[in-house]
Amino acid sequence: MAFETIKIPSASVGNQAHIHLHRFGPEGVKGVKKVYIQAGLHADEHPGLLVAQHLLRHLEQLDQQNALKAEIVLVPFANPVGLRQKNFGHLVGRCDWHTGQNFNRHMAIDPQQVEASLAPSFGIDAIENDRLMRLGLKHLVAQRHDDFEINSLHKILLSQSIDAHYVFDLHCDDVALPHVFYGLHQQEMGQTLAQCLGFTICLEEDVTGTVAFDGTHTQPWVNMQNHPTKPVFSTPCFAATLELRGRSDVDPKLAEQDCLGILDFLTHEHLIERIPSPKKPIALKPCRVDQVRMVKATASGIITYRSKLGETLKAGEAIADLVLVDHPKAKSIPILAPCNGYLFSQTGQFFITKGDTVAMLSTQEQHIQAGTQLAF
Ligand SMILES: [Zn+2]
């Protein structure tokens with residue numbers, strides 16, 4: 001068990017941010033797997049911060065009981081830069097004030113760099129290839145330029161996570177049912193995770209395109225496996241983004257439930273020796289990310305919902321009403337489901353501007369290009 005504080009190079013003068021890092025279980029032992037868990041990369045999403053504190057308590061106990069068979073790294077607040085972005089009482093934590101960049105984008109490791117520097121080194125030994133891949137990725141992260149504080153933050157987080165075997169990035173949506181993102185190529189493991197968490201909605205990503213923090217870890221492995229030399233690997237990284245419902249779902253009972261779900265998955269993977277919490281299998285709703293339909297407002301006004309989260313809608317059914325506050329007479333227009341789908345996300349805003357996303361439906365049809373992200 002160890003606790004570290006890592007300084008983030010200062011963007012200006014006299015203003016030093018840092019992250020905290022907790023390490024549990026055997027560290028750096030040959031053959032021992034590494035798990036990396038972080039919360040709050042989007043600094044305005046707080047259910048994960050609470051889940052991390054529940055994990056901290058459980059992991060301390062499990063470590064004392066010698067039950068941890070993997071090294072587990074926990075970063076309980078991954079974005080102190082965003083956490084200080086309070087503007088007149090409101091936390092603006094999704095994008096960096098300095099650069100305008102989304103904290104959960106633009107950190108991918110250049111695929112051409114990975115290919116050029118690593119492809120020639122792989123042989124026929126899958127375990128040795130794993131080792132070379134993890135070492136190589138760590139080296140590429142260490143070489144990164146970090147002109148801006150957001151780049152330094154990404155560099156520090158990736159320096160701790162890029163060689164992990166399992167990565168969990170804890171986020172939340174606006175108002176939503178819990179859901180999980182993972183690579184389409186890791187469907188079986190992703191669905192096992194969803195079962196452990198009790199999350200029915202599984203969003204399966206093509207990680208060869210634009211990636212967030214999770215896909216940054218799996219993309220190099222997928223790209224190398226698609227390389228003409230087809231190197232073999234033993235245990236590529238599994239990464240998932242956990243969307244812990246909506247922004248206001250900060251609740252100790254839910255946090256404990258989600259914490260136990262993560263520990264149950266790690267137990268299933270033989271990384272922890274403990275008895276998993278009893279649960280019944282649930283009917284999952286897997287859907288590719290490009291099959292999620294974002295429903296946009298076609299006018300501005302006040303939104304009120306007719307449909308509830310968890311409802312299956314038919315095309316043309318009303319999701320919500322938009323009250324047009326600037327119309328000469330009192331008037332509202334319905335917002336209709338553009339296709340059949342399962343409503344799993346709504347906006348938490350009441351005043352909506354034309355073009356805003358007001359709902360997300362999981363469907364069985366493709367709506368956007370594969371390999372693109374749902375939100376900017
Ligand atoms: Zn987020």
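Keep in mind the model is a prediction, meaning the values are calculated, not measured. Counting starts at 1 for both ligands and their atoms, following the listed order. Reckoned from all heavy atoms, side chains included, excluding hydrogens, waters and symmetry mates.
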In terms of the angle between their ring planes, are Phe344 and His179 parallel, tilted or perpendicular, with boundaries placed at 30° and 60°?
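Perpendicular: the ring planes of Phe344 and His179 meet at over 60°.
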
Indicate the ring-plane relationship of His22 and Phe3, choosing parallel, tilted or perpendicular according to the 30° and 60° boundaries.
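It falls in the tilted class, 30° to 60°.
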
Contact check: Asp173 to the Zn ion (ligand 1), N/O/S below 2.8 Å:
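No, since none of the N, O or S atoms of Asp173 sits under 2.8 Å from the Zn ion (ligand 1).
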
Is the centre of the Phe238 ring less than 6.0 Å from the centre of the Phe265 ring?
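They qualify: ring centres under 6.0 Å apart.
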
Within 45° cone and under 6.0 Å: Lys285 NZ/CZ vs Tyr342 ring:
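Yes, a cation-pi geometry holds between Lys285 and Tyr342.
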
Among the N, O or S atoms of His42, the one nearest the Zn ion (ligand 1)
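Of all N, O or S atoms belonging to His42, ND1 is the one nearest the Zn ion (ligand 1).
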
Of the N, O or S atoms in His171, the one nearest the Zn ion (ligand 1):
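Atom name of the closest N, O or S in His171: ND1.
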
